[in-house]
Amino acid sequence: IGDSVDLPLYAEKEKLEDFIYDCLSYKSMIVEKDERDSFERKILNLGHTLGHAIEEDSGYEISHGEAVANGVLMMAESSFRAFRMSRNDIEKIRNAFIKTGIEKVGFSSVDDIRKYVSKDKKIAADGDIDAVLINAPGECGISRMSIDSFIDYVAESAVYNPYSDN
C-alpha cells in the first residue's frame with residue numbers, strides 16, 4: 001500500500017473500497033484455513049494487543065481501527081529497532097500510516113502499557129503472549145514471550161511523546 005497510494009487513503013473512495021475488499025478477502029481465506037486460531041489466524045492479531053490497550057487507555061475515545069493501526073505501527077517500529085526489518089521497510093510503513101490521516105498516539109509510561117497488556121484476552125494460560133512480529137511488510141511471524149519481554153520489546157515504540165520524533 002505504501003507505494004501505491006499518493007493521497008490520504010480516505011480521499012480516494014474507490015481505492016479505499018478495493019483495498020478493504022482485498023483485506024477482507026484475505027482475512028476470510030485465513031479464517032477458513034485456520035478455524036482454531038492455531039497459527040496463520042494469529043497473524044491477524046497484528047497490532048491488536050497494543051490496540052486494545054490504546055482503546056482502554058483512551059476510555060474508548062479512540063476507535064478500534066485507529067487503535068489497532070497505532071498498534072501495528074508500534075509493532076513495526078519495534079521490529080525495526082530489533083533489526084527485524086530494513087529502514088526502507090519501516091519508512092514504507094510509516095508513510096502508509098501517515099497517509100491514512102490517523103493521529104499517532106501512544107502510552108504515557110511503561111506502567112500504562114503493562115496495566116492494559118496484562119489484561120489482554122489473548123494471554124495464554126501460562127501467562128505468556130503470542131506476539132505477532134513483523135519481518136518485512138507483508139511478512140510476519142509469531143513469537144511466544146512473557147509479558148515483561150513483550151513490554152521490553154515494544155516500550156521504546158509505544159511510549160509516545162508528541163514532541164519527539166518517536
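By the 4.5 Å side-chain criterion applied to Ile, Leu, Val, Met, Phe, Trp and Tyr, Met29 is assigned to a cluster that also includes Tyr26, Ile30, Val31, Leu44.
Partners of Asp152 under the side-chain hydrogen bond (donor to acceptor under 3.5 Å, both in side chains) rule, at least two apart in sequence or in another chain, do not exist in this structure. Considering only residues two or more places apart in sequence or on other chains, Ser79 meets the side-chain hydrogen bond (donor to acceptor under 3.5 Å, both in side chains) condition with Tyr153. Every side-chain hydrogen bond (donor to acceptor under 3.5 Å, both in side chains) that Glu56 has, sequence neighbours left out, goes to Lys119. For Ser149, the side-chain hydrogen bond (donor to acceptor under 3.5 Å, both in side chains) partners at least two apart in sequence or on another chain are Ser146.
For Arg114 and Phe107, the positive end is not near the middle of the six-membered ring at less than 6.0 Å and at most 45° from its axis.
We find the CZ-CG distance between Phe97 and Leu73 to be 5.0 Å, quoted to the nearest 0.5 Å. With rounding to the nearest 0.5 Å, the separation of CD in Glu32 from OG in Ser28 is 4.5 Å. To the nearest 0.5 Å, atoms CG (Asp112) and CD1 (Ile54) are separated by 11.5 Å. Rounded to the nearest 0.5 angstrom, Leu133 CG and Ile142 CD1 are separated by 8.0 Å. The structure places CD1 of Ile129 at 5.0 Å from CG of Asp120, a figure rounded to the nearest 0.5 Å. Going from atom CD1 of Ile93 over to atom CE of Met75 covers 11.5 Å, rounded to the nearest 0.5 Å.
Put simply, the side chain of Arg81 reaches to within 4.5 Å of the side chain of Ser157, judged on heavy atoms. Lys122 places none of its side-chain heavy atoms less than 4.5 Å from the side chain of His48.
What you find for Asp89 and Ala136 is that their closest heavy atoms are OD2-CB, 3.7 Å. Across all non-hydrogen atoms, the minimal contact from Ile90 to Phe80 is CG2-CD1, 3.6 Å. For the pair Ala76 and Met85, the tightest heavy-atom approach, listed with the atom from each and the gap, is O-SD, 4.0 Å. Summarising the geometry of Ala67 relative to Gly51, their closest heavy-atom pair is CB-O, 3.2 Å, with the distance given to 0.1 Å. The two residues Cys140 and Leu46 have their closest heavy-atom pair at SG-CD2, 4.0 Å. In terms of heavy atoms, Val72 sits closest to Ile134 at O-CD1, 4.1 Å.
A distance-only check finds a donor-acceptor pair linking the side chain of Asn70 to the backbone of Glu66 [under 3.5 Å].
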Original post:
Between Glu55 and Ile62, is a side chain to side chain contact (heavy atoms under 4.5 Å, CB included) present by the stated rule, with each step listed?
Top reply: CA-CA 6 Å; Glu55 284 178 290; Ile62 296 174; 5.6 Å; no
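The hydrophobic clustering, which links ILVMFWY residues whose side-chain heavy atoms are closer than 4.5 Å, places Leu50 and Tyr60 apart.
Every pair passing salt bridge (charged side-chain N to carboxylate O under 4.0 Å, His left out) that includes a residue from residues 128-146 is listed here, sequence neighbours excluded: Lys42-Asp130, Asp126-Arg144, Asp130-Arg144.
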